[in-house]
Amino acid sequence: MTIKLYGYPRSTCAQLVALICKEKNIDFELVPVDLGKGEHKHPDFVAKQPFGQVPYMVDEDGFVIYESRAIARYLIRKYPNQGTQGLIPTSLKEEALFEQACSIESFNFDPFVFAIAMERVFKKYHGIEGNEAIVKERLDVLNKKLDAYNVILGKQKFLAGDNVTLADLLHLPCGTVVATLAGLPEIFTSQPNVARWWNDLFTRPTWQDIMKNFK
C-alpha cells in the first residue's frame, strides 16, 4: 500500500508534501483535486479537511492528517532512518536551532513570497489582475529579510546549521513560484550566500522531479 495525497498538482502545499515523500523515499499516490470545479469544497472532502483546502493525506492505516507542515513533520518522524537523514534534528540544541529556522521561514519569508505570488501568479489563474503596489511593498520587505538570510548563511550552509532540514525545504514551493512564474529570480541571486543556498536547494533532484511532474 501507499499513502494517498489529496491535492492539486500546482498547489505549493501539495508540492511540499510530495517533496518530503521523495526526500524520504516514501511511496505515495497523488489523488487530484480539481479546484476549478470546487472539489475541495465537496462534503466528502470537507469531512476530511474541514477548511476545504488542499492537501490532506491518508496514511496506509487510514490515519488522516491535513496542513502541509504538519504532514511533513509526521512523515519525517515516522521514517527517521529512511531517505534523507536529519530533516528534523533530535538533539536538544540542534532541534532548537531547527525550530528557530522554521520560525524564520514562517515569519520572515512565507508571508512575503506568498503575497507576491498571489498578486503576480495566483490571481491570474482566476482572471483577476494583481496589485503591483502590493508586490512592490512586499518585495521591499522581503529583500530586507534576505539581507539577514545572507548574514546567517555566511556562517553556515543552511538555516539551521551545515545540514539541510525541513526548514530549508519549506522555502522551495512558493519561493520557486516567485523566482520563476512571478519573474523575480533576482531575489535569490543578488546576495552571494543566499544565491549559493538557494542553488543548493533548487537543484536537488527531488525538487527537480516535483517541478517536472507537478504541473
Which is it for Asn143 and Asp147 under the side chain to side chain donor-acceptor pair (under 3.5 Å) test, yes or no, and what are the steps along the way? CA-CA 6 Å; Asn143 283 329; Asp147 288 343; over 6 Å; no
Under 3.5 Å, sequence neighbours excluded: what are the donor-acceptor pairs made by side chains of residues 169-176?
unit_1	atom_1	unit_2	atom_2	d
His171	ND1	Ala167	O	2.9
His171	ND1	Asp168	O	3.2
His171	NE2	Tyr149	OH	2.8
Thr176	OG1	Leu172	O	2.7
Thr176	OG1	Trp207	NE1	3.2

Can you tell me how the ring of Phe109 sits relative to the ring of Phe188, calling it parallel under 30°, perpendicular over 60° and tilted otherwise? tilted
Side-chain heavy atoms of Leu75 within contact of Phe28, under 4.5 Å: no
Please check if atom NZ in Lys136 has more than 12 non-hydrogen atoms from other residues, nucleotides or ligands closer than 6.0 Å. no
Who passes salt bridge (Lys or Arg N to Asp or Glu O under 4.0 Å) against Glu132, sequence neighbours left out? Arg120
Between Lys4 and Glu60, does any NZ, NE, NH1 or NH2 come within less than 4.0 Å of an OD or OE carboxylate oxygen? no
Applying side chain to side chain contact (heavy atoms under 4.5 Å, CB included), can you list everything that pairs with Asp162, at least two apart in sequence or on another chain? Gln156, Lys157
Please answer whether the main-chain N or O of Gly83 pairs with a side-chain N or O of Glu23 as donor and acceptor at a distance below 3.5 Å. no
With a 6.0 Å cut-off (strictly less than), is the heavy-atom count around NZ of Lys124, excluding the residue itself, greater than 12? no
Identify whether Ile71 and Val31 are in the same connected component of the hydrophobic contact network (ILVMFWY, side-chain heavy atoms under 4.5 Å). no
Check the surroundings of atom CZ in Phe51: do more than 12 heavy atoms from other residues, nucleotides or ligands lie under 6.0 Å from it? no
Does a salt bridge link Asp140 with Lys144, judged by any charged N lying under 4.0 Å from a carboxylate O? no
Side chains of Leu142 and Ile116, heavy atoms from C-beta outward: is any pair under 4.5 Å? yes
Could you pull out the closest heavy-atom pair between Ile187 and Leu146, with the gap in Å? O-CD1, 3.2 Å
Cluster check Tyr66, Leu35: I/L/V/M/F/W/Y, side chain < 4.5 angstrom: yes
With side chains defined as the heavy atoms from C-beta onward, is the minimum distance between Phe214 and Asp209 less than 4.5 Å? no
Identify whether the distance between the nearest side-chain nitrogen and carboxylate oxygen of Arg73 and Glu99 falls below 4.0 Å. yes
Under 4.5 Å between any side-chain heavy atoms of Val151 and Asn193, yes or no? no
Could you tell me whether a side-chain N or O of Gln49 sits under 3.5 Å from a main-chain N or O of Gly52, the two making a donor and an acceptor? yes
